[in-house]
Amino acid sequence: LVEEFSADGLIHLTYGLAEVDTSEKPSLCADLAMSTMSRALIEQHFKHGCLAFDPLMRALRAGRLEPLAFDIEAMEMASDMLSEMRGIGLKSGLLFPLSPQAGCPVAGLIAASPLSYPQIVDLLQREGQRLVVRAHLFHARAAGELMRRRDGVATLTAREQSCLQIISRGERVAAVAHQLGLSEATVELHLRNARHKLGARSLPEAVARGLLYRQIDPL
């Protein structure tokens, strides 16, 4: 997903979870592990604020989901953060308000770019729907990973994920073994390990938890 954003010129991403319901001063807490912007710039962003940040929080509070373009070059606020962003060639970007979905909290994605503001506006007009879908997919996977870490759930191996993914489609162990070229005993072992890691007492519960933590993909 990061590579796909970069291919469109959105090369620096900052992802964070938002508190918008009860706080008089709603805030967005960036997750450094889910962001590609440098740690120093992210820390400055959330310490000092940015003019482009306020519209994102207003959109989140209002429940609006449409992406918003911002123009770094046109910002007149004196800010070390803006100076650094301009210094590494960033000129504009897009803000993606991300609503709760399937266990995901409210969040926001800030995508900065070396493209000019007119180019970003043109990109938004041409590819807005595709970009929004990608941003929400990023949100779903990132939020699942954050919840997995929060709950102390171990990551499934690639083989455990593959077995559980096929089971989620309604297939039986024999079908999983045939599709993956494994013995049924090996498939049973992978599924047992997956259940243990996910804290599930049954395969249906393991599938549900695998979906929650984005260890497997929805159908």
Side-chain angles (χ1 to χ4, degrees), residues 1-7 10 13-22 27-37 42 60 63 65 96-111 129-219:
L1 287 171
V2 170
E3 291 175 355
E4 290 176 8
F5 275 116
S6 295
L10 302 169
L13 305 179
T14 303
Y15 172 82
L17 303 181
E19 294 288 345
V20 299
D21 295 328
T22 59
S27 61
L28 185 70
C29 181
D31 188 276
L32 295 171
M34 301 294 166
S35 305
T36 63
M37 182 75 79
I42 290 176
L60 286 170
L65 300 181
F96 295 95
L98 302 166
S99 64
Q101 52 168 296
C104 297
V106 176
L109 181 66
I110 304 169
Q129 185 171 356
R130 179 172 61 85
L131 294 171
V132 169
V133 170
R134 187 187 299 157
H136 277 278
L137 183 56
F138 187 100
H139 175 35
R141 293 184 179 177
E145 171 62 16
L146 293 175
M147 287 187 284
R148 185 193 66 77
R149 282 193 264 152
R150 178 200 64 192
D151 295 343
V153 174
T155 304
L156 301 185
T157 66
R159 189 60 84 184
E160 290 163 356
Q161 288 177 336
S162 297
C163 290
L164 193 60
Q165 185 74 67
I166 296 172
I167 289 292
S168 74
R169 301 175 190 145
E171 301 285 2
R172 296 183 180 276
V173 169
V176 178
H178 176 72
Q179 290 184 43
L180 298 180
L182 303 172
S183 69
E184 291 188 29
T186 299
V187 171
E188 290 279 12
L189 175 63
H190 287 314
L191 292 173
R192 185 163 59 249
N193 289 339
R195 290 198 306 272
H196 176 72
K197 288 180 178 179
L198 293 168
R201 291 166 292 183
S202 65
L203 273 180
E205 185 180 0
V207 168
R209 287 178 173 267
L211 291 169
L212 174 66
Y213 298 123
R214 300 324 189 260
Q215 295 289 285
I216 59 176
D217 293 322
L219 297 178

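For the single chain, residues carry numbers from 1 onward in sequence order.
The closest side-chain heavy-atom distance from Phe138 to Leu13 is below 4.5 Å. Tyr15 places a side-chain heavy atom less than 4.5 Å from the side chain of Leu98. With a 4.5 Å cut-off on side-chain heavy atoms, Leu198 and Leu156 count as touching. Using a 4.5 Å cut-off on side-chain heavy atoms (C-beta onward), Ile216 and Ile167 make no contact. The shortest distance between side-chain heavy atoms of Asn193 and Leu189 falls below 4.5 Å. The shortest side-chain heavy-atom distance between Leu65 and Val132 does not fall under the 4.5 Å cut-off. Side-chain contact between Arg134 and Glu4 is present, with heavy atoms from C-beta onward closer than 4.5 Å. Two residues are said to be in side-chain contact when any heavy atoms from C-beta on lie closer than 4.5 Å; Glu205 and Arg209 meet this criterion.
Contact between Pro97 and His136 at its shortest, heavy atoms only, is O-NE2, 4.2 Å. When all heavy atoms of Ala107 and His139 are compared, the pair lying nearest together is CB-CE1, 3.4 Å. The two residues Phe96 and Ala111 come nearest to each other via the heavy atoms CE1-CB, 4.2 Å.
At a threshold of 4.0 Å, the pair Arg192-Glu188 does not count as salt-bridged, since none of the basic side-chain nitrogens sits closer than that to a carboxylate oxygen.
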Derivation of the side-chain contact (heavy atoms from CB on, under 4.5 Å) call for Glu160 and Cys163: CA-CA 5 Å; Glu160 290 163 356; Cys163 290; 5.9 Å; no

Trace of the side-chain contact (heavy atoms from CB on, under 4.5 Å) decision for Lys197 with Thr157: CA-CA 10 Å; Lys197 288 180 178 179; Thr157 66; 3.7 Å; yes

side-chain contact (heavy atoms from CB on, under 4.5 Å) between Met147 and Tyr213: does it pass, once the steps are laid out? CA-CA 6 Å; Met147 287 187 284; Tyr213 298 123; 4.1 Å; yes

As a quick check of understanding, evaluate side-chain contact (heavy atoms from CB on, under 4.5 Å) for Asp217 and Arg141, giving each step before the final call. CA-CA 9 Å; Asp217 293 322; Arg141 293 184 179 177; 4.2 Å; yes

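Each of Leu180, Leu182, Leu164 was checked for a side-chain contact (heavy atoms from CB on, under 4.5 Å) with His190, and the lone residue meeting it is Leu182.
Residue-environment remark: CZ (Arg172) stays at or below the threshold of 12 foreign heavy atoms within 6.0 Å.
Remark: the Thr155 side chain and the Arg148 side chain contain an N/O donor-acceptor pair separated by less than 3.5 Å.
Partners of Glu184 according to the side-chain contact (heavy atoms from CB on, under 4.5 Å) rule, which considers only residues two or more places apart in sequence or in another chain, are Val173, Ala174, Ala177.
The structure places CD1 of Ile166 at 7.5 Å from CD of Glu171, a figure rounded to the nearest 0.5 Å. Going from atom CG of Leu191 over to atom NE2 of His196 covers 14.5 Å, rounded to the nearest 0.5 Å.
A donor-acceptor pair under 3.5 Å links the side-chain atoms of Arg214 to the main chain of Leu212, judged by distance alone.
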